[in-house]
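Here's the structure we're looking at; comments come further down.
Numbered from 1 within each chain, the chains take letters A, B, ... in sequence-line order.
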Protein chains: 2
Amino acid sequence: MCFVPDVLPLIPALKLKKTRTNSTLSDVAKAAGVSPSTASRALNGLAQKYRISESTERLVKQSAAQLGFRPSQVARSLRLQRSGLLGIVVPDLSNPFFSAIAREVTVAAGAEGFSAILADSDGSVEKERKLIEQLQARNVESLVVCPIGLEFDHLEEASQRGLPLVTVDRCQASSSLVQVTSDHLTGAKLAIELLIEQGHRRIGVLQGLEGTLPCELRLQGVREACDAAGIAFNPKWIAGDQFSEQSGYRSARKLLTESPDLTALFAMSTPNAFGAFRAANELGLSIPHDLSLLCFDDVAFVEFMQVPFTTIAQDVPELGRRAATLVTEHMQTGKSPRKKMHKIPVKLVPRASVGKVPSA
Amino acid sequence: MCFVPDVLPLIPALKLKKTRTNSTLSDVAKAAGVSPSTASRALNGLAQKYRISESTERLVKQSAAQLGFRPSQVARSLRLQRSGLLGIVVPDLSNPFFSAIAREVTVAAGAEGFSAILADSDGSVEKERKLIEQLQARNVESLVVCPIGLEFDHLEEASQRGLPLVTVDRCQASSSLVQVTSDHLTGAKLAIELLIEQGHRRIGVLQGLEGTLPCELRLQGVREACDAAGIAFNPKWIAGDQFSEQSGYRSARKLLTESPDLTALFAMSTPNAFGAFRAANELGLSIPHDLSLLCFDDVAFVEFMQVPFTTIAQDVPELGRRAATLVTEHMQTGKSPRKKMHKIPVKLVPRASVGKVPSA
DNA sequence: ATGAAAGCGCTAACAA
DNA sequence: TTGTTAGCGCTTTCAT
């Protein structure tokens with residue numbers, strides 16, 4: 001069990017600042033010469049229900065406007081036991097993939113009257129745990145998390161407690177969690193099928209964080225596609241350990257050096273592909289002439305690239321939107337969605353980085 | 001004055017869900033056989049100060065752990081009159097420039113014990129106003145906003161109320177607001193000086209949202225650099241109305257068509273430059289051979305571009321960090337920073353998109 | 001048609 | 001060394 005002061009190194013208590021700057025409901029009530037309850041009802045559109053006289057209602061609203069009254073959500077939350085807050089946790093907000101998801105969720109949540117607390121786990125499970133704790137302490141009503149993807153106990157636990165929670169992208173195979181992720185298996189198959197169709201037989205794979213579902217499923221897709229085509233796939237052609245540019249670079253260099261007969265590379269992320277591109281350049285291999293390159297994730301502004309990448313494009317906005325819909329529905333209906341695993345279709349976008357196999 | 005139900009279409013009151021899932025402080029106190037105050041003190045590390053016996057302290061902490069106690073920040077906020085919340089407003093979270101800023105602020109705030117509520121104004125002043133209202137209603141303790149940049153009254157007002165607030169990027173010339181922005185004037189001068197040095201005399205400018213300070217300062221920089229070099233600058237060479245790709249495309253087409261003798265284009269944003277690049281392509285102009293192109297804002301993965309852009313690079317992380325520092329200091333010291341305008345240096349990054357003037 | 005009062009969960013005077 | 005009490009600002013039951 002976590003420990004309290006640990007969880008929230010919350011701000012030093014400070015001296016209570018007595019500087020009330022906002023007027024309160026009772027100020028409004030006083031100004032209007034009514035009781036706080038009446039003021040509350042008038043301002044919350046319950047005038048009808050409580051048969052508050054029109055004049056009173058107007059009076060209250062006027063006073064509120066005059067005083068610049070802005071109801072305290074904190075007090076409201078405490079009373080109502082609803083914070084109107086939703087938490088988002090991503091591993092890296094500066095990654096366009098995650099910021100796009102964050103954006104969709106934020107906007108969708110806003111449309112339902114929720115505000116989003118955004119947290120960046122910086123790729124660390126430890127931070128992720130802490131953040132999830134913090135967000136729960138802040139009484140978020142639901143959580144959208146793009147997990148690091150290797151440990152899920154803390155997420156399961158939160159979900160078990162009844163907190164509406166959905167994971168996006170790096171999901172888990174066997175889990176009762178509600179999950180939204182792309183159809184990685186099909187995506188990888190499409191990729192490999194294209195390469196095979198172009199005559200490639202020896203295909204290297206630049207993988208991302210090993211053990212994560214996207215990574216595993218894509219590997220499986222690669223194997224299945226090869227099997228289906230009766231092509232032998234050599235496990236030695238797999239390298240890499242992160243979805244990062246560096247990992248792509250290092251593993252591409254490794255593969256291209258150790259197995260110079262590879263004619264194509266399948267990268268699991270755009271950064272991986274960028275790294276591979278750099279490595280290929282350094283090794284004097286031109287794309288797609290000497291080497292074909294294909295990656296998961298689409299990329300913006302391809303048309304300005306030296307060699308536009310052929311990609312398996314994920315529907316990123318849809319990932320975000322779906323996640324938002326799922327949590328809001330959970331909150332509204334009070335029960336967890338039936339369907340746990342939501343697979344979002346991907347599509348192959350052919351561009352210049354894939355060509356026929358050199359010697360063919 | 002804004003109106004209440006308008007401001008926060010807060011969640012339908014719902015029936016109070018009685019499903020207490022978290023144990024409360026008094027549960028802990030009861031379990032430990034002490035009073036809530038003692039429990040509170042023990043858990044908040046005030047045992048020393050209040051000379052609480054070690055055994056009691058341990059007992060309380062144990063009970064808390066056993067019950068999985070997680071203190072309600074909502075209640076705490078209400079009592080302490082501090083929410084531990086900071087608001088961030090950006091015009092477009094899917095724009096890497098803004099998501100980078102959001103990230104820096106989030107992280108920096110987190111380090112100080114604050115959580116960040118993120119809001120996306122979607123380029124609309126109206127939404128920006130609403131969001132600022134909402135955030136204030138949520139009792140955020142401070143606000144970092146990347147404004148649309150044409151209207152500031154709502155920001156001024158919030159700031160006047162004593163809310164620590166800093167604006168980033170699209171600032172305002174005459175304003176008491178605390179502002180963090182790049183050194184646009186110098187940046188534009190550097191850009192134009194480079195072009196002039198390369199022999200360019202007729203330089204088109206693709207501007208962003210007119211009336212915003214970055215836009216105006218950059219125009220001024222252009223003029224000053226031309227003046228200094230004794231070169232006539234023709235206002236007809238200015239076009240554009242947004243920091244978007246579309247605006248860049250349209251205005252580049254316009255300029256290149258109406259003034260075919262232009263030999264260089266200075267774009268005010270990366271998207272503007274992308275648009276210009278597309279337009280140039282369509283018009284059969286090759287860069288930098290027929291036309292030089294230079295833009296504000298650096299861009300990721302330039303090395304993979306057909307023609308890597310020469311840019312005036314902003315120090316985006318620093319913009320975010322500085323903003324975060326300023327608001328946290330304001331909160332801690334209780335007084336607004338002395339220095340209002342914070343100019344962050346930029347630097348010229350020469351790459352392939354700028355060349356000598358064709359005929360020279 | 002309106003008010004009084006209780007209480008959401010917590011902290012901090014003030015008492016003991 | 002610990003407990004009692006009041007109250008942060010709001011909503012809502014119950015009373016009138």
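Here C/dA12 presents its C1' atom at 10 Å from CG of B/L46, a figure rounded to the nearest Å. Atom C1' of nucleotide D/dT1 and atom CD of B/Q48 are separated by 13 Å, given to the nearest angstrom. Rounded to whole Å, the distance from CZ on A/R76 to P on C/dG9 is 17 Å. Spacing between atom CG of A/L80 and atom P of D/dG9 amounts to 17 Å, rounded to whole angstrom units. The interatomic distance linking B/L59 (CG) with D/dT2 (C1') rounds to 14 Å, in whole Å. Spacing between atom CG of A/D27 and atom P of D/dC10 amounts to 8 Å, rounded to whole angstrom units. Atom CD in A/Q136 sits about 17 Å away from atom P in C/dG9, given to the nearest Å. Between the CD atom of B/Q73 and the P atom of C/dC10 there is a distance of 9 Å, given to the nearest Å.
Here B/T38 reaches the OP1 or OP2 of D/dG3: one of its side-chain N or O atoms lies under 4.0 Å away. For the pair A/S40 and D/dC10, the criterion of a side-chain N or O lying under 4.0 Å from OP1 or OP2 is not met. An OP1 or OP2 oxygen of D/dT2 is reached within less than 4.0 angstrom by a side-chain nitrogen or oxygen of B/T56. Distances shown here put every side-chain N or O of B/S26 at or beyond 4.0 Å from the OP1 or OP2 atom of C/dC10. Checking the phosphate oxygens (OP1, OP2) of D/dT2, a side-chain nitrogen or oxygen of B/S53 falls inside 4.0 Å. Put simply, A/R51 has a side-chain N or O that comes within less than 4.0 Å of OP1 or OP2 on C/dA1.
A/S77 comes within contact range of no nucleotide atom at all, as no heavy-atom separation falls under 4.0 Å. Using a 4.0 Å heavy-atom criterion, one finds that B/V74 contacts no nucleic acid atom at all.
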Between the protein and nucleotides 13-15 of chain D, which nitrogen or oxygen pairs come in under 3.5 angstrom?
| from | atom 1 | to | atom 2 | distance (Å) |
| --- | --- | --- | --- | --- |
| D/dT13 | O4 | A/R41 | NH1 | 3.4 |

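For the residue pair B/S40 and B/S37, no side-chain donor N or O sits within less than 3.5 Å of a side-chain acceptor on the partner.
In the set C/dG3, C/dC10, D/dT2, D/dT2 carries the atom at the smallest distance from any side-chain atom of B/I52. Candidate nucleotides C/dT2, D/dG3, D/dG9 were compared by shortest atom distance to the side chain of B/S35, and D/dG3 ranks first. The nucleotide whose nearest atom lies closest to any side-chain atom of B/A75 is, among D/dG3, C/dC10, C/dC8, C/dC10. Of the candidates C/dT2, D/dG9, D/dC10, D/dG9 carries the atom nearest the B/Q81 side chain, counting heavy atoms from C-beta on. Closest approach to the A/L78 side chain among C/dC10, C/dC8, D/dG3 is made by C/dC8 (side chain taken as heavy atoms from C-beta onward). Ranking D/dT2, C/dC10, D/dC10 by closeness to the B/L25 side chain, first place goes to C/dC10. Nearest to the side chain of B/T24, among D/dT2, D/dC10, C/dC10, sits C/dC10.
Residues satisfying the side chain to side chain donor-acceptor pair (under 3.5 Å) criterion with A/K340, sequence neighbours excluded, are A/S336.
A salt bridge links A/D92 with B/R103; the closest basic N to acidic carboxylate O contact falls under 4.0 Å. The pair B/E126-B/R129 meets the salt-bridge criterion, with a side-chain N (NZ, NE, NH1 or NH2) lying under 4.0 Å from an Asp/Glu carboxylate O.
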Take A/S115 and B/R138 through the test side chain to side chain contact (heavy atoms under 4.5 Å, CB included) and record every step on the way to the result. CA-CA 9 Å; A/S115 298; B/R138 285 208 186 274; 2.7 Å; yes
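Looking at every heavy atom in both residues, B/E128 comes nearest to B/P147 through OE1-CA, 3.4 Å.
Expressed to the nearest 0.5 Å, how far CG of A/D169 lies from CG of A/L319 amounts to 7.0 Å. Once rounded to the nearest 0.5 Å, the distance linking CD of A/E141 with CG of A/L86 reads 9.0 Å.
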